[in-house]
Amino acid sequence: MAIRPLIAGNWKMNGLRADAIALAGGIVKNIEDGGAAPCDMLVCPPFPHLQAVSGALAGSAVAVGGQDCHNADAGAHTGDVSAVMLQDAGCSCCIVGHSERRADHDEDDAVVRAKATAVHQEGLIAIICVGETLAQRDAGTTLQIVETQLRGSLPEGAEAENTVIAYEPVWAIGTGRTPSLEQVGEVHDHIRSVLAGITENGEAVRILYGGSMNPGNARDILALANVNGGLVGGASLKIDDFCAIVRSCG
């Protein structure tokens, strides 16, 4: 069975409320004007804009997700947001373990696993990110690093229905640099082989590529056997670029 692709836009810490509403509305109009999308679509706005974006996307084919969450449901965690809050704000998914969280907030695999568990407990889909730094790539340890992160970050009960994996080479995020198609394919194939051994229906879990995906390279990357979509950063902030990537799945 073919896996339906997912194109997810990570808006990161960008835009004010009006910008977010305009971006969401523009994506919906562009997609509707171009006919049925050949993939599932998701946008992950900053926390303060979640309800506004959920409202702007109501009734459309574009889902809303969170960029991160705490592993606890509630409590004395100033500045944090729980998975239950995301669900209440209209989210169906949540990104965990993004390289910027791992680097900027010292989140290790155990923290990512706890967050993914919390996401699952609220009935949401966890998008779990893994990827190597440039130093690790140059040292030839990419597959080892990615496998270690994957095994350490996956919660109990992870399966195709509640889990998506995103491979994001850290050195390619926001830099305009991308690995070769051979390098992307090698890592995605390895992730698939690991998933097949440790998750239920591992052959059906979606594996996204993240790292400077744009309209110019999306079609070639998405054509690779075990690339089932993209986790898009900068290009997701531009209506035409994001929608062009969506159509590259067709």
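- The local environment of CZ in R4 is crowded, with over 12 non-hydrogen atoms from other residues, nucleotides or ligands closer than 6.0 Å.
- Considering only heavy atoms from C-beta on, T117 stays 4.5 Å or farther from N71 through its side chain.
- Side-chain contact between L42 and I127 is present, with at least one heavy-atom pair separated by less than 4.5 Å.
- The closest side-chain heavy-atom distance from P215 to I245 is below 4.5 Å.
- R113 and D109 are not joined by a salt bridge, as no carboxylate oxygen comes within less than 4.0 angstrom of a charged side-chain nitrogen.
- Taking each heavy atom of G66 and C91 in turn, the nearest pair found is N-SG, 3.7 Å.
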Residues D241, N214; criterion side chain to side chain donor-acceptor pair (under 3.5 Å); working and verdict: CA-CA 7 Å; D241 285 1; N214 58 62; over 6 Å; no

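- Here H190 contributes atom NE2 and L150 contributes atom CG; the two are 8.5 Å apart, rounded to the nearest 0.5 Å.
- F242 has its side chain within reach of I7: a pair of non-hydrogen atoms, C-beta onward, lies under 4.5 Å apart.
- A distance of 7.5 Å separates SG of C69 from CZ of F47, quoted to the nearest 0.5 Å.
- Rounded to the nearest 0.5 angstrom, T199 OG1 and N201 CG are separated by 7.5 Å.
- Counting only heavy atoms from C-beta outward, the side chains of L237 and L23 approach each other to under 4.5 Å.
- Here the straight-line distance linking atom CG of L231 with atom CD1 of I165 works out to 11.5 Å at 0.5 Å rounding.
- Linking Ile, Leu, Val, Met, Phe, Trp and Tyr whenever their side-chain heavy atoms come within less than 4.5 Å puts V246 and V62 in one cluster.
- Of the inter-residue distances, the one linking N217 atom CG with L222 atom CG reads 8.5 Å to the nearest 0.5 angstrom.
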Derivation and outcome, side chain to side chain contact (heavy atoms under 4.5 Å, CB included), residues S153 and R102: CA-CA 12 Å; S153 302; R102 290 179 184 263; 3.0 Å; yes

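- The aromatic rings of Y167 and H188 lie perpendicular to each other, with more than 60° between the two planes, well past the 30° mark.
- For L86 against C94, the heavy-atom pair with the smallest separation is CD1-SG, 3.6 Å.
- Following chains of ILVMFWY side-chain contacts shorter than 4.5 Å, one cannot reach V130 starting from V164, and the two form parts of different hydrophobic clusters.
- When the options V184, T142, V187 are evaluated for a side chain to side chain contact (heavy atoms under 4.5 Å, CB included) with P179, the one that passes is V184.
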Step-by-step side chain to side chain contact (heavy atoms under 4.5 Å, CB included) determination, V194 to V146: CA-CA 10 Å; V194 175; V146 168; over 6 Å; no

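- A side-chain donor-acceptor contact under 3.5 Å links R192 to the backbone of G202.
- Minimum interatomic distance between L57 and A63 (heavy atoms only, all atoms of both residues): CD1-O, 4.2 Å.
- Looking at T163 and H120, their side chains come closer than 4.5 Å, going by heavy atoms from C-beta outward.
- Cluster annotation: W11 and L124 are assigned to the same hydrophobic cluster (Ile/Leu/Val/Met/Phe/Trp/Tyr, side-chain heavy-atom contacts under 4.5 Å, transitive).
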Side chain to side chain contact (heavy atoms under 4.5 Å, CB included) evaluation trace for C129 with I95: CA-CA 7 Å; C129 300; I95 300 169; 3.8 Å; yes

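- N228 places a side-chain N or O within donor-acceptor distance of the main-chain N or O of I207, the cut-off being under 3.5 Å.
- Heavy-atom minimum distance, A52 versus R17: CB-NE, 3.8 Å.
- Checking side-chain atoms of D138 against main-chain N and O of A135 turns up no donor-acceptor pair under 3.5 Å.
- Each of D108, D68, D80 was scored for a salt bridge (charged side-chain N to carboxylate O under 4.0 Å, His left out) with R101, with one residue passing: D68.
- No single ILVMFWY cluster, assembled from side-chain heavy atoms under 4.5 Å apart, contains both V53 and L16.
- Annotation: side chain of P169 is not in contact with side chain of R137 (no heavy-atom distance under 4.5 Å).
- Closest approach of I173 and E168 over heavy atoms only: CD1-OE1, 3.4 Å.
- Looking only at atom types and distance, the side chain of T141 has no donor-acceptor partner in the side chain of Q144 under 3.5 Å away.
- Across every non-hydrogen atom of S54 and G90, the tightest pair is OG-CA, 4.0 Å.
- Looking at H98 and Q67, their side chains never bring a donor and an acceptor atom within 3.5 Å of each other.
- Formation of a donor-acceptor pair under 3.5 Å by the S212 side chain with backbone atoms of T178 is not found in this model.
- For the pair L181 and I221, the minimum side-chain heavy-atom distance is below 4.5 Å.
- With values rounded to the nearest 0.5 angstrom, E122 atom CD is found 6.5 Å from Q87 atom CD.
- Taking a 6.0 Å sphere around NZ of K238, one finds it holds 12 or fewer heavy atoms contributed by other residues, nucleotides or ligands.
- Scanning for salt bridge (Lys or Arg N to Asp or Glu O under 4.0 Å) contacts around E147 gives R151, with sequence neighbours left out.
- Both M41 and V64 are members of a single hydrophobic cluster when ILVMFWY side chains are connected at heavy-atom separations under 4.5 Å.
- Q149 is linked by a side chain to side chain donor-acceptor pair (under 3.5 Å) to nothing, counting only residues two or more places apart in sequence or in another chain.
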Verdict with reasoning, E200 to N162, per side chain to side chain contact (heavy atoms under 4.5 Å, CB included): CA-CA 11 Å; E200 185 77 19; N162 63 14; over 6 Å; no

